[in-house]
Number of protein chains: 2
Amino acid sequence: MRLIVARCEVLYTGRLRATLPEATRLLILKADGSVLIHADAGGYRPLNWMTPPTVIDEDRERILVRNTRDERLEIRIAEVLSDVTHEMGEATPLEKDGVERELQAELAAQPEVLGPGLRLVRREWATDIGPVDLMCRDDHRWVAVEVKRIATVDAVEQLVRYLERIRLDPGLAECRGILAAQRIRPQARTLAEARGVACVEVDLELLRGTREPELTLFAV
Amino acid sequence: MRLIVARCEVLYTGRLRATLPEATRLLILKADGSVLIHADAGGYRPLNWMTPPTVIDEDRERILVRNTRDERLEIRIAEVLSDVTHEMGEATPLEKDGVERELQAELAAQPEVLGPGLRLVRREWATDIGPVDLMCRDDHRWVAVEVKRIATVDAVEQLVRYLERIRLDPGLAECRGILAAQRIRPQARTLAEARGVACVEVDLELLRGTREPELTLFAV
DNA sequence: TGGTGGATTTCGATC
DNA sequence: GATCGAAGTCCACCA
């Protein structure tokens, strides 16, 4: 990894055109061909960047980065303040503990929190336009469940599309829908009501807790 | 801006839990409180990060970053290979030339590419659920246009929602819809057809060119 | 401050 | 390779 601190001007053309007037910035050239340009503020996203694969041409005044899709990042160097290279060794991947995925797993394990008597029939129930997250039953009807971390109107419409398809099957014509999410936006709630879809807000921490009662019972 | 190259292990808890096993990485501590952890590969996105506002506690073995929403980034330092600070001065903002925005501007300037006789009435035509990108007319009817860079089924449904609202006005009851995009996904095209919405794929470079014909006529 | 929609979204799974 | 949905999405705009 090469780290350059330099006064520079930057021009990007590709999916859009963008220019950065001359200022001091950090340039990161990664081993895989990634090039990032960071200012000393502005959060986690670079001002400009180019993702691999790239070809990098460099001389004293300019670093030109190109990729295979006609995108072009030109860094015009006015003054180099620092230019160091570090060997970093191999990359170890990030391990994450789900989000929507985990929510879906918890709800699959305890569907009754979505409604009395609800039991799981299948996760990822296939329809011809894609899988519904959970297919369940209660004592009377089939229930299709769409799981989101944050549910917007899009989630409602996604579920409604699935329901349209599911109900084409005579045996599933009475299938109802539940939108389950950690958070349901007001517009989504309104649309869901209009479309006859039920909304359930669920608390992931709580779900985790109810599955391992011994952990919460003896917690201080 | 402070740049630290160190062997370290990282733990994030907040919206999810994530761990990074010990390896050599670049730590960036920005003046505004942003903290980024980058590997020597993997494109423009940090492995872990924290966006401002943050509180940073540091000692020899550990950097602990917290924000106001119970998120927590703990960097356990095994060995510091480099630790430098650079003054970067104030940030000059990135100037960009649209994307969807520019596409919308080009189509507003030459709506006839969307259909014969089409003329612009208003950009950002207000409805009670948000603005339609372009409202036009041809010789017979009103035409609502939704502009996207890439159009998915969501774009079709967004336009259909607008049309529902627009047609409530008796003078606009006959309004038709056009989905205009650089690229229209097959599913979007299918749904658009089912919903009676027209699709037009447009080429931004071509639009730019047709507006400045002298540039293309005399190009080598 | 919260909601909504765009992004050079990126990223991954799946077909 | 194309497509579709999720993301610690982030981010800006607007009420």
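Residue numbering restarts at 1 for every chain, and letters A, B, ... go by the order of the sequence lines.
Along DNA chain D, the nucleotide nearest B:Thr152 and the nucleotide nearest B:Glu71 are compared for position; the residue whose nucleotide lies closer to the 5' end is B:Thr152. Nearer to the 5' terminus of DNA chain D, by closest-nucleotide assignment, is the contact made by A:Arg161 (compared with the other of B:Tyr12 and A:Arg161). With the nearest nucleotide of DNA chain C identified for both A:Thr51 and B:Asp133, B:Asp133 has the one nearer the 5' end.
Taking atom CD on B:Glu124 and atom P on C:dG5, their separation rounds to 12 Å, with Å as the unit. Taking atom CD1 on A:Ile150 and atom C1' on C:dG5, their separation rounds to 14 Å, with Å as the unit. Taking atom CG on B:Leu73 and atom C1' on D:dG8, their separation rounds to 11 Å, with Å as the unit. The distance from atom CG of A:Leu20 to atom C1' of C:dT8 is 13 Å, rounded to the nearest whole Å. A straight line from CZ of A:Arg17 to P of C:dA7 spans 16 Å, rounded to a whole angstrom. Here the P atom of nucleotide C:dT10 and the NZ atom of A:Lys30 are 14 Å apart, to the nearest Å. Atom NE2 in A:His38 sits about 13 Å away from atom C1' in D:dC10, given to the nearest Å. In this structure, B:Asn48 places its CG atom 16 Å from C1' of C:dT10, rounding to the nearest Å.
Remark: B:Arg72 engages B:Glu74 in a salt bridge, criterion side-chain N to carboxylate O under 4.0 Å.
Using modelled atom types, one side-chain atom of B:Glu201 and one backbone atom of B:Ile184 make a donor-acceptor pair closer than 3.5 Å. Of the possible polar contacts, one joining the B:Asp133 side chain to the B:Val147 backbone as a donor-acceptor pair under 3.5 Å is found.
The phosphate of D:dT3 (OP1 or OP2) has a side-chain N or O of B:Arg183 nearer than 4.0 angstrom. In this model, the phosphate group of D:dT3 is approached by a side-chain N or O of B:Arg185 to a distance below 4.0 Å at OP1 or OP2. Not one side-chain nitrogen or oxygen of B:Arg45 sits closer than 4.0 Å to the OP1 or OP2 atom of C:dG12. Taking side-chain N and O atoms only, A:Gln187 has a distance below 4.0 Å to OP1 or OP2 of C:dT4.
Per the stacking criterion (ring centres < 5.5 Å, plane angle < 30°), B:Tyr44 does not stack onto the base of C:dT10.
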Step-by-step side-chain hydrogen bond (donor to acceptor under 3.5 Å, both in side chains) determination, A:Lys148 to A:Gln182: CA-CA 7 Å; A:Lys148 288 275 184 264; A:Gln182 281 193 297; over 6 Å; no

Pair B:Tyr12-B:Glu71, side-chain hydrogen bond (donor to acceptor under 3.5 Å, both in side chains): steps then yes or no: CA-CA 8 Å; B:Tyr12 165 80; B:Glu71 293 177 86; 2.6 Å; yes

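To the nearest whole angstrom, the two C1' atoms, one in D:dG8 and one in C:dT14, are 24 Å apart. To the nearest whole angstrom, the two P atoms, one in C:dT8 and one in D:dG5, are 22 Å apart.
Listed nucleotides: C:dT8, D:dG8, D:dG5. Nearest to the side chain of B:Arg15: D:dG8.
Contact annotation for B:Met50: base contact, defined as any heavy-atom pair under 4.0 Å involving a base atom.
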